[in-house]
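The figures that follow rest on heavy atoms only: side chains count, while hydrogens, waters and symmetry mates do not.
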Amino acid sequence: MIYIAQPGDTLYKIAQKFNTTVESILAANKIANPTLIYPGQLLEIPQGTTPSEKGFYYIVQPGDTLYRIAQRYNIPLTELIRVNRIPPPYIIYPGQRIFIPGAEPPKPPPGGRIYIVQPGDTLYTIAERFNVPLDALIRLNNIPRPDLIYPGQRLLIPAPSNNTQEEPS
């Protein structure tokens, strides 16, 4: 399908609108810099990559390879590549969101919970809201950069911290 970029569009908004991923749009259109789209640009929109089967989105971490991710979640490498429409030479990068088909998403630790990121949320405000250390939130969710969260993302929240600090007088 062909889509004409509108003023104010971002690849993220377009991907959400058509139930696909930014990475799929980048690959289909051979776009090197995802921030350089412009109104009137013709974009080929690949079909959505979220299958109806169970699965979850994983954020690629520094040092990850497709092979290691496939091994970790016990899925065939070819299936991981196919579902995410990753073109040769099969390069992934930290912060990239890929779908892990057929796998159960990680569960929160005892006493913890799951939180869905809302527009305007930051990791700092989420950590503050649930009274958990920011670094614990980052480690538990394998977040390579704190600015790489997005609305709709599923975060694991550890059990609340009981360490309360007194305000300086």
Side-chain angles (χ1 to χ4, degrees), residues 8-27 33-35 37 48-75 77 79-81 83-86 90-169:
D9 271 348
T10 64
L11 287 178
Y12 177 76
K13 285 181 187 176
I14 296 168
Q16 271 193 321
K17 182 176 187 172
F18 294 102
N19 191 30
T20 189
T21 65
V22 170
E23 291 78 19
S24 296
I25 296 172
L26 290 172
N33 186 342
T35 61
I37 65 167
T49 57
T50 307
S52 58
E53 65 183 271
K54 68 178 180 174
F56 68 98
Y57 280 99
Y58 172 78
I59 305 296
V60 175
Q61 304 300 304
D64 273 347
T65 65
L66 284 169
Y67 178 75
R68 282 192 212 156
I69 295 168
Q71 275 189 322
R72 182 180 312 140
Y73 295 104
N74 196 29
I75 59 170
L77 177 60
E79 180 67 2
L80 186 62
I81 291 168
V83 166
N84 289 284
R85 298 180 184 205
I86 300 171
Y90 310 116
I91 294 172
I92 58 173
Y93 54 88
Q96 181 177 358
R97 188 179 106 164
I98 61 174
F99 188 74
I100 309 295
E104 287 289 326
K107 296 193 181 338
R113 62 187 297 179
I114 294 171
Y115 176 73
I116 305 301
V117 176
Q118 302 300 308
D121 277 345
T122 66
L123 278 178
Y124 179 78
T125 60
I126 295 168
E128 206 171 55
R129 179 179 306 136
F130 293 104
N131 191 30
V132 297
L134 182 60
D135 64 329
L137 193 59
I138 290 169
R139 268 186 275 117
L140 181 61
N141 290 282
N142 295 319
I143 298 173
R145 287 186 12 213
D147 61 327
L148 288 179
I149 64 168
Y150 53 88
Q153 181 177 358
R154 181 184 181 277
L155 292 180
L156 302 177
I157 307 294
S161 171
N162 291 332
N163 299 343
T164 53
Q165 297 178 352
E166 292 186 22
E167 295 278 324
S169 319

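- We find the OH-CG distance between Tyr57 and Asn84 to be 7.5 Å, quoted to the nearest 0.5 Å.
- Under the side-chain contact (heavy atoms from CB on, under 4.5 Å) test applied with Pro146, the options Leu123, Thr122, Asp135 reduce to a single match, Leu123.
- Under the 3.5 Å distance criterion, the side-chain polar atoms of Arg68 are matched with a main-chain donor or acceptor of Gly63.
- Closest approach of Val132 and Ala159 over heavy atoms only: CG1-O, 3.6 Å.
- Around the CG atom of Asn74, the shell of radius 6.0 Å holds no more than 12 heavy atoms that belong to other residues, nucleotides or ligands.
- The CG atom of Asp121 sits 3.5 Å away from atom OH of Tyr115, with the distance rounded to the nearest 0.5 Å.
- Taking the six-membered ring wherever Trp is involved, the centroid distance between the rings of Tyr73 and Phe56 falls below 6.0 Å.
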**Asked** Do Leu137 and Ile143 pass the side-chain contact (heavy atoms from CB on, under 4.5 Å) test, and can you show the C-alpha distance, the side-chain angles, and the key distance before you say yes or no?
**Response** CA-CA 8 Å; Leu137 193 59; Ile143 298 173; 5.6 Å; no
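- The shortest heavy-atom contact between Ala136 and Pro158 is CB-CG, 4.3 Å.
- For the atom pair CG of Leu155 and CG of Leu140, the computed distance is 9.0 Å after rounding to the nearest 0.5 Å.
- For Arg113, the CZ atom sits in a loose shell: 12 or fewer heavy atoms of surrounding residues, nucleotides or ligands are nearer than 6.0 Å.
- In this structure, Leu134 CG and Glu128 CD are separated by 10.0 Å, a value rounded to the nearest 0.5 Å.
- Residues Glu79 and Pro101 come closest through the heavy atom pair CG-CG, 4.0 Å.
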**Request:** Start with the C-alpha gap between Ile69 and Ile92, add the side-chain angles, then the distance that decides, and say whether side-chain contact (heavy atoms from CB on, under 4.5 Å) holds.
**Result:** CA-CA 11 Å; Ile69 295 168; Ile92 58 173; 3.9 Å; yes
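- Between the CG atom of Leu11 and the CD1 atom of Ile37 there is a distance of 4.5 Å, given to the nearest 0.5 Å.
- To the nearest 0.5 Å, atom CG of residue Leu80 and atom CG of residue Leu66 are 5.5 Å apart.
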